[in-house]
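Beneath this line is the structure, given in C-alpha cells, with notes to follow.
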Amino acid sequence: MEIITAVKGFKDILPPETDKWRHIEATAHEVFCAFGFREIRIPLLEKTELFCRGIGESTDIVEKEMYTFLDRGEESLTLRPEATASIIRAYLEHTLHAAETVTKLYTIGPMFRRERPQKGRYRQFHQIDTEILGPDDPRTDAELILMLLHFLNKLGLRKLNLEINSLGCAACRPAFREAILSYLRGREEELCGDCLRRLETNPLRVFDCKVETCAAIISQAPLLPDFLCAGCRDHFEKVQASLRLFNLPFHLNAKMVRGLDYYTRTTFEVTTEFLGAQNAVVGGGRYDHLVRDLGGPDISGIGFAIGVERLAAMIPKADADALLQGPLLFIATLGEAALEKAFFLCNGLRMKGIRVEMDHAGRSLKSQMKRADKLKSAYTLILGEREIAENKALLRNMLSSTQTEVGLDRLEETITELAR
RNA sequence: GUGGGUGUAGCUCAGUUGGUUAGAGUGCCGGGUUGUGGCCCCGGAGGCCGAGGGUUCAAAUCCCUUCACUCACCCCA
C-alpha cells in the first residue's frame, strides 16, 4: 500500500532541526521579554475580510496566494498569510488600547501562502512577529530595530545587511507616486511586461525589478526621499540618529518598497547573501492607518516579521552542533538481574530531571559502549553480573576513559551529584 | 501561473557504443577469543533503479506519458 505524503509546500520539521527551532524560540522569548514585549497567541483562521482590508485588495497575497474557503458554504474564512492583521484585530476586539498607551506584542507561529515552493519559501512557513502599537515616536522605530538586530546577533548570525527607507505618509506619498508615474509613462517601450503591469497596480514596485533595462531606467528615476514632507523627513532623520546612537550600521535604500499596502514612513529589511533568491530574513515597517482602517482609533504601529525557516537556515553549523547535547549517563548492563536494576535506576534518575539512556535489548557490552559513545554520554555505568554479585557498579568517565567503583546503595546519590 | 534541473540503498551519490547475481562512501547490525566506546580491519542486512507504457533477443541506460522533488521568475518572511 502506498504511504500518504505531506501536502506540497508543507514541511515536517524533524530532529535535530527542532533543536535549532527551540533555540531560536527560546532566544526570542528571552530578548523580547527584556524589551517589554508580551506574547499573544492568535488563531490561524480569520474571516477573509480581515486580510482584504488589512493587507490590501490589490496585493499579490490577497489576490492569489491565500488559502480561502467557505465554511459549510456560509462564511468565507482564510488561513492567515501574515500575523499583523490578526494582532490588530485582537488588539481592537479586546480594547487593549484602552488599558495602556503603548502595547508591545509578539507571536510565533505558522503562516500560509499558496505560492510555488522554492528555497526558503514554503506554503506553510513560520514567522516571529512583533508589533508596537501606540504613538509614532521615532525612538520606538529605532528601539524595535535595535532589538531585532540584537536578537539576530544573539543567534550568531553574521554578515547581515540592514536596509531602511521611509515611504512617506498620506500627505507626501501621492506626490511621489505622480512623479514616478509621469517619469515612467514616457518610457513604456523600454519596460518589461511585469513593470508595465506594475505601472497600473503599484508603480512603486518597479523599483524592485531585476530586469537590466528596467533597472537602468529606475536608476535615473525620481527618488522617494526627495519627496518626503517636512514631518516625514524629520521623523526619518530622528530614527537614523537613534540608530547611530547605538552604532547600528544600516544602509539607506531609497529603492526599497514593500509589498504590503499598509506601510507608511519607516520600512526596513534585513537581508543576507546566504539564502539564494529569497534573501530577506526580516521585513517590517510602520503603519499609520492600519488600526484605523480596521475600525479602531487613530493609533500608529510598527512591527516586523522574521522568517523562521530562513533564520534557521542561516545559523552556523558549529552553533547548531553545539546544541546537540548527550545524556549525562548511559547504563550498560549484562544479565537479567542487572537489566532489572538498571531499568529501575534509569527511570528514577529521569524523574529527577537527569537525562539517562540505556539499552533494553540485552546486547553485548561492546555494542552498548558504542551506543554510549555515539550518544555523546558523559558517563557510562557498567552493571554486570559480577558487579551485582559484589554489590557495586563501575562508573566510567567517557572523556577521560577512567572508571571508579560505586556501591549500589550510593548509586543514585552519586549520579545526582554528577548532574550538578 | 511561467521556465530550467533532478528522481538508483535510511542519507550523499557512482553507474552510456543497452549485455550476467546494480555499486561506493556513510549510517545501521554483528564480529576481530572468554565483560569496555572513539581509530583500524572483516562480515551482514537493506534497492520491483519514482510510476506507467513503448522499442529490443536484452532497458537503471533509448522513446513517450505521468507524478514527485528542486532551483529560478513573479511575490515575499
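Convention: sequence-line order gives letters A, B, ...; per-chain numbering from 1.
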Side chains of [X] and [Y]: is there a donor and an acceptor less than 3.5 Å apart?
| X | Y | result |
| --- | --- | --- |
| A/Ser300 | A/Asp136 | no |
| A/Asn165 | A/Glu163 | no |
| A/Tyr287 | A/Glu131 | yes |

Mind checking the [atom1] distance from [N] to [M]? Whole angstroms is fine.
| N | M | atom1 | result |
| --- | --- | --- | --- |
| B/G31 | B/G7 | P | 38 Å |
| B/A9 | B/C29 | C1' | 15 Å |
| B/A22 | B/G15 | C1' | 8 Å |
| B/A60 | B/G18 | P | 13 Å |
| B/C49 | B/A24 | C1' | 16 Å |
| B/A51 | B/C42 | C1' | 39 Å |
| B/G54 | B/U2 | C1' | 31 Å |
| B/G1 | B/C74 | C1' | 9 Å |

Neighbour count above 12 (heavy atom, 6.0 Å) for A/Glu340 CD
no
Classify the angle between the aromatic ring planes of [X] and [Y] as parallel (below 30°), tilted (30 to 60°) or perpendicular (above 60°).
| X | Y | result |
| --- | --- | --- |
| A/Phe37 | A/Phe32 | tilted |
| A/Phe35 | A/His150 | tilted |
| A/Phe112 | A/Tyr67 | perpendicular |

Is [N] paired to anything, Watson-Crick or G-U wobble with both distances less than 3.5 Å, and if yes, which nucleotide?
| N | value |
| --- | --- |
| B/U12 | B/A24 |
| B/G35 | none |
| B/U66 | B/G50 |
| B/G19 | B/C57 |
| B/G3 | B/C71 |

Can you see whether A/Phe125 has A/Arg121 sitting over its ring - NZ or CZ less than 6.0 Å from the centre and within 45° of the normal?
no
Hey, does A/His97 have a side-chain heavy atom less than 4.5 Å from the side chain of A/Leu133?
no
Spell out protein contact along nucleotides 66-77 of chain B as letters: B when the base is contacted, S when just the sugar-phosphate is, - when no protein heavy atom is under 4.0 Å; keep the 5' to 3' order.
---SSSBBBBBB
Sugar-phosphate means primed atoms, P, OP1 and OP2; the rest is base. With that split, encode nucleotides 25-40 of chain B 5' to 3' as B, S or - using protein heavy atoms under 4.0 Å.
--SSSSSB--BBBB--
